Amino acid sequence: MSVRKAVFPVAGFGTRFLPATKSVPKEMMTVVDKPLLQYAVEEAQSAGIEQFIFVTSPYKSAIADHLGASSELEKFLSDGGNASLLASVRGCQLPSNAAHFLVQEKPLGLGHAVWCARKVVGDEPFAIILPDDLVLADIPCLSQMVAAHEKTGGNMVAVVDVPREDTKRYGVLAPGEARGGLVEINGLVEKPNPKEAPSQLAIIGRYILQAEIFKQLGEQKYDVNGEIQLTDAMCALIGGGPFNGFKFEGKRYDCGDKIGLLEANIAYGLSRDELRNDVAAVVLRAADALKSD
Ligand code: G1P
C-alpha cells in the first residue's frame, strides 16, 4: 500500500532556541529564506504525500498561518505586480482538505504526539517527518525511503552514523544483516549511554511505519522522564515483519541545535546557484577575521 499520509510532530516548546522560540515556533526558524516547516512539507509533497497531519500545541498558531491563505499579503503582492513573490507565498499553502491540525494537549513525548494522529492516519502505512532534521539531497530523503519501502514493505527509519559520544542524543539500532542501503533492525535503544550503545547507527527524523504502531503507543508506557517514546513502541514491532534502517544519500543537518542550524544555513546557501558566490565570500571573510584576531 502506498504511503499517502505524513505526520509532523510540531508541538514542542523548542527550549534549546530560547529566547528565539518564545513567540516563534522552532519549526518556523529559517534556513536561508524558508522555515524548517516548509522544507518538511515540500519533502513530503515530493514523496507523493497527499494528507499532512500536524500535531501542534495551542500556542503555535504560526504553523497553521504559514500553511494557510494570506489574503491581505497576496492582494498586496498581486496589486504590486510581484508575480514571483506571490507564487512563493501561494506555494506554502496547503489545500484545506489536505491539512489537519491536531492539538497535543500535554508534552508527553514524541510517541504520544504520533499517537494523537491515529484517527486521521487510520489503518495504513504512514510517514513521520521531524522538521528539525533537515536533509540536503539530490533526491529528497523521504522520496528515497518511499522508493525503498515499495520493495521492502514493513517499517523503516532513516539512519546515519554518528560519533559514539553522540549516541545519547538518538534512538540507536542494534543492527542485523546489511544489504545495500538497508540495515535489518534487531533492536532499538532510545538515547543509550555511549558505552552501552549497540552501534553508532542513529535514527533521524524520517520514519515510515505501519498503523500497528498505534496499538503499541496506546498502551501508554511512560519512560523515566514521564514521556511516551516512539522508539520504545517501535521495539515492540521488531520481529513482526520487515523492519529496516535506511542509509539515505545526502547530508543531514540537526537544526534542533544552534550550530546545526547555522551550518544548514551555510550549506543550503551554498547549494543555491544565485547565492553560492556571496555565501562563500562571507564564510571566507569570517574565517579571515578569525585568523587576524
Ligand atoms: C527523537 C527520537 C530519537 C531520534 C531523534 C531524531 O529524539 O526520540 O529516537 O533519534 O528524534 O532527531 P529528540 O530529538 O526529539 O530528543
Side-chain angles (χ1 to χ4, degrees), residues 6-17 21 25-27 29 31 36-37 39-40 43 54-57 60 104 106-117 127-136 141-142 145 155-175 183 185 187-194 196-209 213 216-217 221-238 243-248 250-261 263-264:
V7 176
F8 302 78
V10 290
F13 278 121
T15 48
R16 273 196 263 169
F17 280 107
T21 43
K26 170 175 78 161
E27 298 76 16
M29 305 284 275
V31 169
L36 294 171
L37 177 77
Y39 286 97
E43 185 176 327
F54 302 91
V55 181
T56 182
S57 90
K60 294 174 93 170
Q104 184 184 20
K106 290 186 192 151
L108 292 177
L110 177 60
H112 180 260
V114 171
W115 182 75
C116 290
I128 303 171
I129 298 188
L130 308 186
D132 52 12
D133 276 325
L134 206 52
V135 181
L136 185 57
C141 182
L142 190 63
M145 286 177 79
N155 297 292
M156 182 176 281
V157 292
V159 295
V160 290
D161 264 307
V162 297
R164 183 156 279 278
E165 64 268 24
D166 287 349
T167 55
K168 57 182 180 299
R169 294 168 46 199
Y170 298 97
V172 174
L173 269 60
V183 186
I185 297 182
L188 289 168
V189 190
E190 180 67 4
K191 304 200 168 89
N193 178 310
E196 284 147 26
S199 77
Q200 288 167 238
L201 272 182
I203 302 173
I204 66 135
R206 302 289 183 278
Y207 307 71
I208 296 177
L209 299 178
I213 193 77
Q216 299 303 328
L217 290 168
K221 292 188 184 130
Y222 296 93
D223 69 2
V224 284
N225 300 316
E227 295 192 347
I228 298 171
Q229 290 303 338
L230 182 58
T231 303
D232 295 344
M234 290 193 302
C235 270
L237 302 184
I238 296 170
F243 201 154
N244 289 292
F246 179 72
K247 293 182 175 178
F248 53 91
K251 169 108 173 85
R252 171 258 185 177
Y253 296 91
D254 177 5
C255 296
D257 171 81
K258 292 182 184 80
I259 299 300
L261 184 69
E263 191 184 359

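Computed from a prediction, not measured in an experiment: that's the story for all the values here. As the structure lists them, so they are numbered: ligands from 1, and atoms in each ligand from 1.
Which parts of ligand 1 touch Q229 is read off a 4.0 Å heavy-atom cut-off, strictly below it: atoms 8 (O). Close approach of ligand 1 to T231 (heavy-atom distance below 4.0 Å) involves ligand atoms 9 (O).
Regarding atom 12 (O) of ligand 1, its nearest protein heavy-atom neighbour is D133 OD2, 2.8 Å. For atom 15 (O) of ligand 1, the closest heavy atom belonging to the protein is K191 NZ, 4.6 Å. At the top of the distance list for atom 10 (O) of ligand 1, counting protein heavy atoms only, stands I203 O, 2.7 Å. Protein heavy atom closest to atom 1 (C) of ligand 1, with residue, atom name and distance, is L110 CD2, 3.9 Å. The closest protein non-hydrogen atom to atom 11 (O) of ligand 1 is L130 CD1, 3.5 Å. Atom 9 (O) of ligand 1 has as its closest protein heavy atom E190 OE1, 2.7 Å.
Within 6.0 Å of NZ in K251 there are more than 12 heavy atoms belonging to other residues, nucleotides or ligands.
Counting heavy atoms from C-beta outward, V114 and L209 have side chains that stay 4.5 Å or more apart. Within the 4.5 Å cutoff, side-chain heavy atoms of L188 are placed close to those of I203.
Considering backbone and side-chain atoms alike, Y170 places every N or O at 3.5 Å or more from each N or O of ligand 1. Where the criterion is an N or O separation shorter than 3.5 Å, residue side chain and backbone included, R252 fails it with respect to ligand 1. The shortest N or O to N or O distance between G171 and ligand 1 is under 3.5 Å.
A donor-acceptor distance shorter than 3.5 angstrom exists from the side chain of E43 to the backbone of L142, with no hydrogens or angles considered. For the pair R206 (side chain) and D133 (backbone), a donor-acceptor distance under 3.5 Å is present. Side-chain atoms of T167 come within 3.5 Å of backbone atoms of P192 as a donor-acceptor pair (strictly under, hydrogens ignored).
In this structure D166 satisfies the side chain to side chain contact (heavy atoms under 4.5 Å, CB included) test together with V162, P163, R169, Y170, sequence neighbours excluded. In this view, R164 satisfies the salt bridge (Lys or Arg N to Asp or Glu O under 4.0 Å) rule with no residue, not counting sequence neighbours.
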